[in-house]
Asker: 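Sharing a structure below in structure tokens format, with a few things to ask.
Both ligands and their constituent atoms are indexed starting at 1 by order of listing. Hydrogens, waters and symmetry mates are skipped; everything else that's a heavy atom, side chains included, is used.
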Amino acid sequence: MTIERLRTDVLILGSGGAGLFAALHAHAADPSLAVTIATKGLIGKCGCTRMVQGGYNVSLHKGDSVERHFMDTIEGGKWLPDQDLAWTLVSKAIERVTELENEIGCFFDRLPDGTLHGKAFAGQTFDRTVHKGDLTGIEIINRLMEQVWARPAIQRLEEHRAVALVPTKDHASIAGVLFVNVRSGAFRFVEAQTVLLATGGGPTMYRYHTPSGDKSMDGLAMALRLGLPLRDMEMVQFHPTGLLAGPDTRMTGTVLEEGLRGAGGHLLNGDMHRFMADYDPALERATRDVVSRSMYAEMRAGRTTGHGGLYIKMGHLGPENVRKQFKGMVERCADCGFDLAGGLVEVVPTAHYFMGGVVCRTDTSTELPGLFVAGEDASGMHGANRLGGNGVANSTVFGGIAGDTMPRWIAANAGHRAPDESVIEAETARALEPFTRKPGDVNRLRERLLDMMWDDVGVIRGRAGLDRALAGLDDIEAELLGTGLADQSKVFNLTWHDWLNLRSLVETSRVIALAARRRENSRGAHFREDFPEPGDLATSTFTVARQKAGQIDITEQPVRFTIVRPGETLIKDQAAAE
Ligand SMILES: Cc1cc2nc3c(=O)[nH]c(=O)nc-3n(C[C@H](O)[C@H](O)[C@H](O)COP(=O)(O)OP(=O)(O)OC[C@H]3O[C@@H](n4cnc5c(N)ncnc54)[C@H](O)[C@@H]3O)c2cc1C
């Protein structure tokens, strides 16, 4: 098999908020460097940054502060975040939002006095979520895309699927990335001085999920195979209000934004009872984990709607007002036959965000020299629970930092390094495996995975279910490895890519289940019904997964409280702030 070879200096995997920001910053930092964005989809049309509805958390408003945003992030994350990463996130968000408006060309909604409007988001003590109506991501990604297009020096490899991170011969640093060109089916190796992993995680292994279809945890599966440490892998965030429009539409699972609950929306069960009062005093404005768990408990008790979910109701806020505030949501619901402004919409918790990811430092560097990570592929910023509005802040803040850091790294470590050719050979053969097997039904296996992860590794977990899931994952993997493709063409063969997606999903699902089994307490998004207590906050640990010789090893490491300890706060005058 001939493998085409290309060469660049800065190679960026993914074209979401993290990838595009990194490209712009790297190009600005040193225009003499060749910067290449390689992405599985089309720039501007793929990934989740484009799907951001609610908005972007930033402490710009009078009465708010970086300290307050930080405390919300730490408390929301149940004291598991890496505090240096969380501090970088909240403090740099101010600079990044200003950059988005003043340099990138975004225009967020404003109050009559000209200041940015801050929306209420659940789990936060201040209304700090800036937005463009309820379609914030389209504004951000379109403007970023225009800026990238305006710089022809930034090269683009669209519909290029990364299949392996390739190290140098001595495995001491990164050498480049192996791709499949989805359009032609050809393999390409792109040699690079530095690589940014920004493929956006994407827990699409659950029956109900929100992320875009191009995301299948490929980045984390590749990092795992390279032996890199992955942190907080048990932490899958479920958004409480996924649309439930029946089994025959891909709209089921897509998210109805947090602002609905923030604005005063009510959740009702099948008996029309506002059940959140039975679970948490913050009612619908409790954090996502609490609301999702309460909903799941109602569903398990059978108090459900026709499709087996629950309802959200907004009409009491005035249908006209709802139509004005949530135009996009109202239209999306109407497309599926629901009247959000005046009626009831069926909803279900839906897998939304992956807090786990590659271990990194505040400058986005990883354990492997030359490899950087940003956005949803990175870990440590959110701990056990990401606050709504901190996701796009995370990808743009750390994408920009990566773009600043990589040229500096190149200046200090200049030169391309020869790849380990045996890795390129083995990974090419690995990606071609389904062409050598008897044709079978990939989609049936995917359906099994979705149900198994939802039932046994989902909102509420227990030892028996996790053991069952781990055995089930072995079965699914064995069947997948024996399943081939009927269509032997490699040109735009989407079933081949479904097969590769499923392999990444199965491998990362196993790590999720193992980390969930290891954590014998309940924090944020991770709830064990056999260990419902959170454990001692002062001795909190986080999980680290690493693959060695094909086996996954999970360890626990103590959280370092570098800025604030449990029981303390950074908010100087709590009463005045309230
Ligand atoms: C429906 C929805 C609504 C959301 N709303 C909000 C919100 O209101 N506020 C908020 O803060 N966050 C929100 N989020 C979360 C937020 O969108 C993400 O956290 C963030 O945008 C992730 O950015 P990213 O750059 O890491 O990844 P993404 O923007 O997802 O980009 C990932 C990129 O990687 C590419 N890719 C994937 N695999 C490969 C591969 N193998 N090879 C090459 N490229 C690859 C993809 O094609 C894509 O270009 C929402 C998410 C969803 C799904």
Asker: State which residues pass ring-ring contact (aromatic ring centres under 6.0 Å, His included) with H131; sequence neighbours excluded, sorted by chain then number.
Answerer: H117
Asker: Could you find the nearest protein heavy atom to atom 42 (N) of ligand 1 and give me its residue, atom name and distance?
Answerer: A162 N, 2.9 Å
Asker: Report yes or no: do Y353 and H239 form a side-chain donor-acceptor pair below 3.5 Å?
Answerer: no
Asker: Assess, by modelled atom type and distance only, whether the side chains of D218 and T199 contain a donor and an acceptor separated by less than 3.5 Å.
Answerer: no
Asker: Regarding ligand 1, does T210 bring an N or O atom to under 3.5 Å of one of the ligand's N or O atoms?
Answerer: no
Asker: Is a donor from one side chain sitting under 3.5 angstrom from an acceptor on the other, for S216 and K40?
Answerer: yes
Asker: Determine, for F435 and K490, whether the Lys NZ or Arg CZ falls below 6.0 Å from the six-membered ring centre while staying within 45 degrees of the axis.
Answerer: yes
Asker: Quick check: V255 and ligand 1, any N/O pair under 3.5 Å apart?
Answerer: no
Asker: Kindly identify the option in M51, H352, M222 whose heavy atom sits closest to atom 51 (C) of ligand 1.
Answerer: H352
Asker: Which residue supplies the protein heavy atom nearest to atom 41 (N) of ligand 1, what is that atom called, and how far is it?
Answerer: D218 OD2, 2.8 Å
Asker: List ligand 1 atoms under 4.0 Å from C46, heavy atoms only on the residue side.
Answerer: 47 (O), 48 (C), 49 (O)
Asker: The test is salt bridge (charged side-chain N to carboxylate O under 4.0 Å, His left out); show your working for R288 and E258 and say whether it passes.
Answerer: CA-CA 9 Å; R288 291 177 174 178; E258 184 113 329; 2.6 Å; yes
Asker: Give me the nearest non-hydrogen protein atom to atom 27 (O) of ligand 1 as residue plus atom name, then the distance to 0.1 Å.
Answerer: G200 CA, 3.4 Å
Asker: Among all protein heavy atoms, pick the one closest to atom 21 (O) of ligand 1 and tell me residue, atom and distance.
Answerer: T49 OG1, 2.7 Å
Asker: Among all protein non-hydrogen atoms, which one is nearest to atom 46 (C) of ligand 1, and what is the separation to 0.1 Å?
Answerer: D214 OD2, 3.1 Å
Asker: As a check for students: among Q53, E376, K45, identify the option with a heavy atom nearest to atom 18 (C) of ligand 1.
Answerer: E376
Asker: Is E101 paired with R96 through a side-chain N to carboxylate O contact shorter than 4.0 Å?
Answerer: no
Asker: What are the atoms of ligand 1, with element, lying closer than 4.0 Å to any heavy atom of G375?
Answerer: 26 (O)
Asker: Output the list of atoms in ligand 1 that are nearer than 4.0 Å to some heavy atom of A18, sorted by atom number.
Answerer: 25 (O)
Asker: Report yes or no: is the cationic atom of R68 (NZ for Lys, CZ for Arg) closer than 6.0 Å to the six-membered ring centre of F126, at no more than 45° off its axis?
Answerer: no
Asker: I need the nearest protein heavy-atom contact for atom 28 (P) of ligand 1: residue, atom name and distance, please.
Answerer: C48 N, 3.4 Å
Asker: In ligand 1, which numbered atoms sit nearer than 4.0 Å to a non-hydrogen atom of G391?
Answerer: 10 (C), 11 (O), 12 (N), 19 (O)
Asker: With a heavy-atom distance limit of 4.0 Å, tell me whether S395 approaches ligand 1 through its side chain, its backbone, both, or neither.
Answerer: side chain
Asker: What's the shortest distance from atom 39 (C) of ligand 1 to any protein heavy atom, and which residue and atom give it?
Answerer: K40 CD, 3.6 Å
Asker: About how many Å separate CG of D109 and NZ of K132, when rounded to the nearest 0.5 Å?
Answerer: 6.0 Å
Asker: Run the numbers for me: atoms of ligand 1, each under 4.0 Å from some heavy atom of G389, listed by number.
Answerer: 9 (N), 10 (C), 11 (O)
Asker: Which one holds for R386 and ligand 1: side chain close, backbone close, both close, or neither close, with close meaning a heavy atom under 4.0 Å?
Answerer: side chain
Asker: With rounding to the nearest 0.5 angstrom, report the CD to CD1 distance, E139 to I104.
Answerer: 11.5 Å
Asker: Which atoms from ligand 1 have a heavy atom of A198 less than 4.0 Å away?
Answerer: 32 (C), 33 (C), 34 (O)
Asker: From the options G54, G17, A378, select the one whose nearest heavy atom is closest to atom 8 (O) of ligand 1.
Answerer: G54
Asker: Any nitrogen or oxygen of V392, main chain or side chain, under 3.5 Å from a nitrogen or oxygen of ligand 1?
Answerer: yes
Asker: On a heavy-atom basis, which atom in I174 and which in L371 lie closest, and how many Å separate them?
Answerer: CG2-N, 3.8 Å
Asker: Would you give the length of the straight line joining atom CG of L505 to atom NE2 of H209, rounded to the nearest 0.5 angstrom?
Answerer: 8.5 Å
Asker: With a distance cut-off below 6.0 Å to the six-membered ring centre and an angular limit of 45° from the axis, does R231 pair with F542 as a cation-pi contact?
Answerer: yes
Asker: Output yes when K215 and E376 qualify as a salt bridge under the 4.0 Å nitrogen-oxygen rule, no when they do not.
Answerer: yes
Asker: Taking 4.0 angstrom as the limit and counting only heavy atoms of H160, give me the atoms of ligand 1 inside it, by number and element.
Answerer: 42 (N), 43 (C)
Asker: Is it true that S15 lies under 4.0 Å from ligand 1, counting heavy atoms only?
Answerer: yes
Asker: Are D72 and R128 within salt-bridge range, i.e. N to O under 4.0 Å?
Answerer: yes
Asker: Quick test of your reading of the structure: of Y353, F179, F354, whose heavy atom lies closest to atom 19 (O) of ligand 1?
Answerer: Y353
Asker: Is it the side chain, the backbone, both or neither of E258 that has a heavy atom closer than 4.0 Å to ligand 1?
Answerer: neither
Asker: Just to be sure I'm reading this right: ignoring hydrogens, which of V52, T396, N390 gets closest to atom 14 (N) of ligand 1? Compare them by their nearest heavy atoms.
Answerer: V52
Asker: Listed by chain and number, what are the ring-ring contact (aromatic ring centres under 6.0 Å, His included) partners of F108, not counting sequence neighbours?
Answerer: none
Asker: What heavy-atom pair brings A374 and G399 nearest, and what distance separates the two atoms?
Answerer: CB-N, 3.9 Å
Asker: Kindly identify the option in L13, T199, N57, N501 whose heavy atom sits closest to atom 36 (N) of ligand 1.
Answerer: T199
Asker: Answer yes or no: does an N/O atom from T39 fall short of 3.5 Å to an N/O atom of ligand 1?
Answerer: yes
Asker: Tell me whether G55 has any N or O atom under 3.5 angstrom from an N or O of ligand 1.
Answerer: yes
Asker: For ligand 1, which atoms have a heavy atom of G41 less than 4.0 angstrom away?
Answerer: 47 (O)
